[in-house]
Amino acid sequence: MSVRVRYAPSPTGLQHIGGVRTALFNYFFARSAGGRFILRIEDTDQERYDERALRDIYETFDWLGIHWDEGPDVGGDFEPYVQSEREGLYRKHAAELIEKGLAYKAYETPEELEAMREASGGYDRRSRELTEEQRAAYEAEGRKPVIRFKVPLEGDTSFEDVVLGRVKRKNKDIPADPVLLKSDGLPTYHLANVVDDHYMQITHILRAQEWVPSGALHVLLYKAFGWEPPMYCHLPMVMGKDGQKLSKRHGATSAVEFRRQGYLPEAIINYVTLLGWAYDDSREFFSTADLEALFSLEKINKAPAVFDYKKLEWFNGVYIREKSDDELEELVLPYLTADGLVSDPPGDGELEILRGAMPLIKERMKTLGDAPDLLRFLYRDVHDYDITQAIPKKHDAGQTLALLEEAEKLLEGFDSRDDEQNEERFRVRAEEIDTKIGNLLMPLRVALTGSRVSPPLFGSIRLVGAETAKQRVARAKELLREHMATTE
Ligand code: GLU
């Protein structure tokens, strides 16, 4: 049978990076096995349903460039792919289980259930063996029943998991008789999920490990319906570096946050696919096309994966450097506009600066969001900065002023030399005055950019223009003098 897998998000929150990992594993598995990848929207929890979360699913995968073969937007042979449009099917199957004696109507009120939870920690199966008369009495009271599944009281249930091996659970440890159909006639996750996976002919279930405890219950449901369960493949947890489940405390967790910070889809796809999967011991870089060909279930790890933000940043830098200047310009521009550095739409002059700066900042950017700070000095004068940044280690302001004056002299005729020649000039002078070249460059860098971190200095001077550079040096000298006056 050819592989059919699904990503089945509930639109209750923004796409978590862990969810993206689940989707990618499903997608790459489908592609590498010549199968089909399906999107199914599990929106049966009306209270937590969020319209924005639904939009975010589409926007996230559009941005990543990941497309499903069947889904609400593209259709398919098993429509509809939205659970709220399939309610009749779930009701029919809940009724079928009642008929088989494998499910029952339960009439407890929320208050009664709460009291039960406090007394015994869960449902006490009170309605499991109601007589016809008792049921009629409840109905006469106007109570609306839920439908509960009769979990066998003895024995155990197990399933084979591609990653975890055989997973076995005692039936008495499965929560007592989970609700399948709520009193409003809507299904719970368990019923809808099992019914849909069956009717959509899903062959493999790749999902997060937090669903392992539901596995045995689902297998019992498949049995109750007389269906064959799909293969299970529960994916390793994603942790922060402290060994705790990845959460906001660690950093960004939603795909849209990473996107806003300026991560590239290529980097996210590559890095996230390595959370619990490895091709071999060494290879780290994979394009989407590589993964479509190379992904395999056998190489999924059991051990939890650690989300290393620094490593993702590094991946992102690598992918940024792979972009052509033109591509990068286009990617960076919205960040500059949002920051107010360039107008919207940008003027020709502003674009020209950007074009010139691209080769300089490409090497330094870890995310697209770094661009405004790296480029600010090109678009804005620098005056309100902390001049003490210009003071090299073991130097004072007076010595720094002298160094800056040296640097200023070295800038004479700057435009007639190339970067190498300029650098040589600084190097030679530094030797003559017995200092490190960095001590000549740092004060100049701060004067020019207002910061100790900037794109390469000589390229930056060229972009700003030697004239402006001189004015900024003059301003820095003034600031140093002021600083000396106030610290005397
Ligand atoms: N709707 C569930 C979720 O949001 C799907 C779990 C599953 O894949 O079975 O994670």
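All values below come from the heavy atoms of this structure, side chains included, with hydrogens, waters and symmetry mates left out. Atoms within a ligand are numbered from 1 in the order they appear, just like the ligands themselves.
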Q: With heavy atoms only and a cut-off of under 4.0 Å, state how N193 meets ligand 1: side chain, backbone, both or neither.
A: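 Near ligand 1, N193 shows its side chain, while the N, CA, C and O stay back.
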Q: Parallel, tilted or perpendicular: which describes the rings of F286 and W277, with under 30° parallel and over 60° perpendicular?
A: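 F286 and W277: perpendicular rings.
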Q: Measure from atom 1 (N) of ligand 1 to every heavy atom in E42, H190, Q83 and give the option owning the shortest one.
A: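 Selected option, by shortest heavy-atom distance: E42.
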Q: Would you call the rings of Y7 and F61 parallel, tilted or perpendicular, where under 30° means parallel and over 60° means perpendicular?
A: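 Ring orientation of Y7 relative to F61: perpendicular.
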Q: What protein heavy atom lies closest to atom 4 (O) of ligand 1? Include the residue and the distance to one decimal.
A: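 Looking at atom 4 (O) of ligand 1, the protein heavy atom closest to it is S10 OG, 3.2 Å.
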Q: N/O of P9 under 3.5 Å from N/O of ligand 1, yes or no?
A: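 N/O-N/O distance under 3.5 Å: no.
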Q: Assign the ring pair F315 / F285 to parallel, tilted or perpendicular, where the plane angle (0 to 90°) is split at 30° and 60°.
A: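 Tilted: the ring planes of F315 and F285 meet at 30° to 60°.
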Q: For a quick check under 3.5 Å, do Y27 and E292 share a side-chain donor-acceptor pair by atom type?
A: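 The criterion, which ignores hydrogens and geometry beyond distance, is satisfied for E292 and Y27.
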Q: Among Y189, W211, Y232, whose heavy atom sits nearest atom 9 (O) of ligand 1?
A: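 Result: the heavy atom closest to atom 9 (O) of ligand 1 is in Y189.
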Q: Looking at atom 5 (C) of ligand 1, what's its closest protein heavy atom, distance included?
A: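 Protein heavy atom with the smallest distance to atom 5 (C) of ligand 1: A8 O, 3.2 Å.
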Q: What's the shortest distance from atom 8 (O) of ligand 1 to any protein heavy atom, and which residue and atom give it?
A: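 I find the closest protein heavy atom is R6 NH1, 2.6 Å.
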Q: Is there a donor-acceptor contact under 3.5 Å linking the side chains of Y104 and D177?
A: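 Result is yes, a qualifying pair exists.
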Q: Does a donor on one side chain and an acceptor on the other come within less than 3.5 Å for Y279 and D290?
A: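 Per modelled atom types, Y279 and D290 side chains form no pair under 3.5 Å.
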